[in-house]
Amino acid sequence: MEIGSCAAQVVGADLEAKMAALKSIGFDFIEPAWREDDKPLLGEALGNELRKQGERTGCPVRSAILSTFTGTGARRDEAARAGDLHVLLRACETLAAAGGDVLLLPNRAAANGPDYDAGYTAFLREAGDRAATFGVKLGIEHIPASKYRNSAAAVFELAEMVDHPHVGVYFDIANGLYIDEDPLEAARKVAPRVVQYHVKDYARGGRSFEAMPLRQVKEVMDAAGFRGRVATEIGPTEASPDAQTNAHLEAALTVLRQNGF
């Protein structure tokens, strides 16, 4: 199994430096997040540059986070909806050119409504069709603070309604704990549609990375036929930004290896 890390949790001067740092530790890939400021840059040219950086460092981009997805599926205005779809497809184009194939869509909606299921389902079906042309799978991640489908089980139900081979779940081992969703039970529920998953600690609950059910979740995924990748989402432990190192990632990789990853 390939193991990567979210780029935001890696200490480095820029993305290429972070790639090099991850490679030196023993990680297999990096997962950047694309935000509002990145939207004008998305496209094949950026993807080609990311591919080159991955080749130079030996740590490629295999997945990415489209942070601007927030609330996209609920758009009623056709022009806005078309704009959202355009950005998503440019993200897919970027990712494919970089050599990746899983795009995380954070389901972080600020509101809810009786028509949201229909809106999200229609949007994700169309997005799945387009993403398929780039060989990219879309993974919906459950976000505890979302007003719409904030649990792993609820996001799984959305993926079931969409019922598209290029739309699945991006599972997070700790997110559900913020709303009292057991990670192991959630893993059993969503495993058939998981395209990739995050592993991390549960900081608010005082649950360390080592105390998370890492081996058990992996066993659930393996039993469901999952053959994809996993990415850490763990930040530096040093309090001062100037003193931060990547020791947290070295420790995390050791723990993952001890748990069969």
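D163 has a carboxylate O that lies under 4.0 Å from a charged side-chain N of R193, or vice versa, which qualifies the two as a salt bridge. Salt-bridge formation is not detected for the pair R62/D101: no Lys NZ or Arg NE/NH1/NH2 atom is positioned less than 4.0 Å from an Asp or Glu carboxylate oxygen.
Considering only residues two or more places apart in sequence or on other chains, L89 meets the side chain to side chain contact (heavy atoms under 4.5 Å, CB included) condition with L85, R130. Contacts of R56 classified as side chain to side chain donor-acceptor pair (under 3.5 Å), with partners at least two apart in sequence or in another chain: E16, E49.
Grouping the Ile, Leu, Val, Met, Phe, Trp and Tyr side chains by contacts below 4.5 angstrom, directly or via other members, places L95 apart from I65. Hydrophobic clustering of Ile, Leu, Val, Met, Phe, Trp and Tyr side chains at less than 4.5 Å, counting indirect connections, unites V61 with L66. Both F156 and Y120 belong to a common hydrophobic cluster when Ile, Leu, Val, Met, Phe, Trp and Tyr are linked at side-chain heavy-atom distances under 4.5 angstrom. Linking Ile, Leu, Val, Met, Phe, Trp and Tyr whenever their side-chain heavy atoms come within less than 4.5 Å puts L124 and L103 in one cluster. Cluster annotation: V167 and L105 are assigned to the same hydrophobic cluster (Ile/Leu/Val/Met/Phe/Trp/Tyr, side-chain heavy-atom contacts under 4.5 Å, transitive).
Taking a 6.0 Å sphere around CG of D77, one finds it holds more than 12 heavy atoms contributed by other residues, nucleotides or ligands. A 6.0 Å sphere centred on NZ of K137 holds no more than 12 heavy atoms belonging to other residues, nucleotides or ligands. Within a 6.0 Å sphere centred on CD of Q216, other residues, nucleotides and ligands contribute more than 12 heavy atoms.
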For side-chain hydrogen bond (donor to acceptor under 3.5 Å, both in side chains), just list the numbers for K200 and N175, CA-CA rounded to whole Å, side-chain angles, deciding distance to a tenth of an Å, and then say yes or no. CA-CA 9 Å; K200 61 187 181 189; N175 279 5; 2.8 Å; yes
Might you work through the side-chain hydrogen bond (donor to acceptor under 3.5 Å, both in side chains) test for N150 and H142, ending with a clear yes or no? CA-CA 5 Å; N150 66 343; H142 47 116; over 6 Å; no
Please test Q196 against S63 for side-chain hydrogen bond (donor to acceptor under 3.5 Å, both in side chains), starting from the C-alpha separation and ending with a verdict. CA-CA 9 Å; Q196 195 160 299; S63 56; 2.9 Å; yes
For a side-chain contact (heavy atoms from CB on, under 4.5 Å) check, start with the C-alpha distance between T245 and E238, then their side-chain angles and the critical distance, and finish with the verdict. CA-CA 7 Å; T245 70; E238 298 86 358; 2.7 Å; yes
Do N107 and Y148 pass the side-chain contact (heavy atoms from CB on, under 4.5 Å) test, and can you show the C-alpha distance, the side-chain angles, and the key distance before you say yes or no? CA-CA 8 Å; N107 191 49; Y148 170 73; 3.8 Å; yes
Test side-chain contact (heavy atoms from CB on, under 4.5 Å) on V155 and V190 and set out the steps. CA-CA 8 Å; V155 162; V190 306; over 6 Å; no
Take V220 and F226 through the side-chain contact (heavy atoms from CB on, under 4.5 Å) test and state the conclusion after the steps. CA-CA 9 Å; V220 168; F226 177 77; over 6 Å; no
Walk me through whether D222 and K218 qualify under salt bridge (Lys or Arg N to Asp or Glu O under 4.0 Å). CA-CA 6 Å; D222 289 348; K218 184 180 185 299; 2.8 Å; yes
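With values rounded to the nearest 0.5 angstrom, K23 atom NZ is found 8.5 Å from T57 atom OG1. Here the CD1-CD distance, from I30 to Q53, works out to 9.0 Å after rounding to the nearest 0.5 Å. Annotation: the span from E250 atom CD to L22 atom CG amounts to 10.5 Å, rounded to 0.5 Å. The CZ atom of R81 lies 5.5 Å from the CD atom of E78; values are rounded to the nearest 0.5 Å. In this structure, the separation between CG on D201 and CD1 on I234 is 6.0 Å, given to the nearest 0.5 Å. I173 CD1 to T232 OG1: the interatomic distance, rounded to the nearest 0.5 Å, is 12.0 Å.
Note: F171 and Y197 have tilted aromatic rings, judged against thresholds of 30 and 60 degrees for the angle between ring planes.
Under the 4.5 Å side-chain criterion, counting only non-hydrogen atoms from C-beta, V169 is not in contact with V195. The closest side-chain heavy-atom distance from E181 to L177 is not below 4.5 Å. Side-chain contact check for I3 versus R257: some heavy-atom pair is nearer than 4.5 Å. In this structure the side chain of D117 reaches within 4.5 angstrom of the side chain of R149, judged on heavy atoms. Contact of the H198 side chain with the L104 side chain is registered, since non-hydrogen atoms from C-beta on lie closer than 4.5 Å. Contact annotation: the side chain of K39 never approaches that of W34 to less than 4.5 Å [non-hydrogen atoms, C-beta and beyond]. A 4.5 Å side-chain heavy-atom check between L253 and F261 finds every atom pair outside the cut-off. Side-chain contact between C6 and K18: absent, with no pair of heavy atoms (C-beta onward) separated by less than 4.5 Å.
Judged by distance alone, the side chains of H248 and Q9 never bring a donor and an acceptor atom under 3.5 Å apart.
For the residue pair R51 and A96, the shortest heavy atom distance occurs at NH2-O, 3.5 Å. The minimum heavy-atom distance between L214 and F209, with the atom names listed, is CD1-O, 3.6 Å. For the residue pair L138 and G128, the shortest heavy atom distance occurs at CD1-N, 4.0 Å. Across all non-hydrogen atoms, the minimal contact from P40 to D37 is CD-O, 3.4 Å. The minimum heavy-atom distance linking G43 with E93 is given by the pair CA-OE1, 3.6 Å. Taking each heavy atom of A187 and M221 in turn, the nearest pair found is CB-CE, 4.1 Å.
Listed for the N246 side chain is no donor-acceptor partner under 3.5 Å among the backbone atoms of L249. D38 places a side-chain N or O within 3.5 Å of a backbone atom of R35 that can act as its donor or acceptor partner. The closest donor-acceptor contact from the side chain of R108 to the backbone of S67 lies at 3.5 Å or more, if one exists at all. Side chain of S24 to backbone of A21: a donor-acceptor contact under 3.5 angstrom is found. Looking at S5, its side chain never comes within 3.5 Å of a backbone N or O of A7 through a donor-acceptor pair. Here the side chain of R215 pairs a donor or acceptor atom with the backbone of Q258 at under 3.5 angstrom.
Cation-pi geometry between R229 and F29 is met: under 6.0 angstrom from the ring centre, within 45 degrees of the axis.
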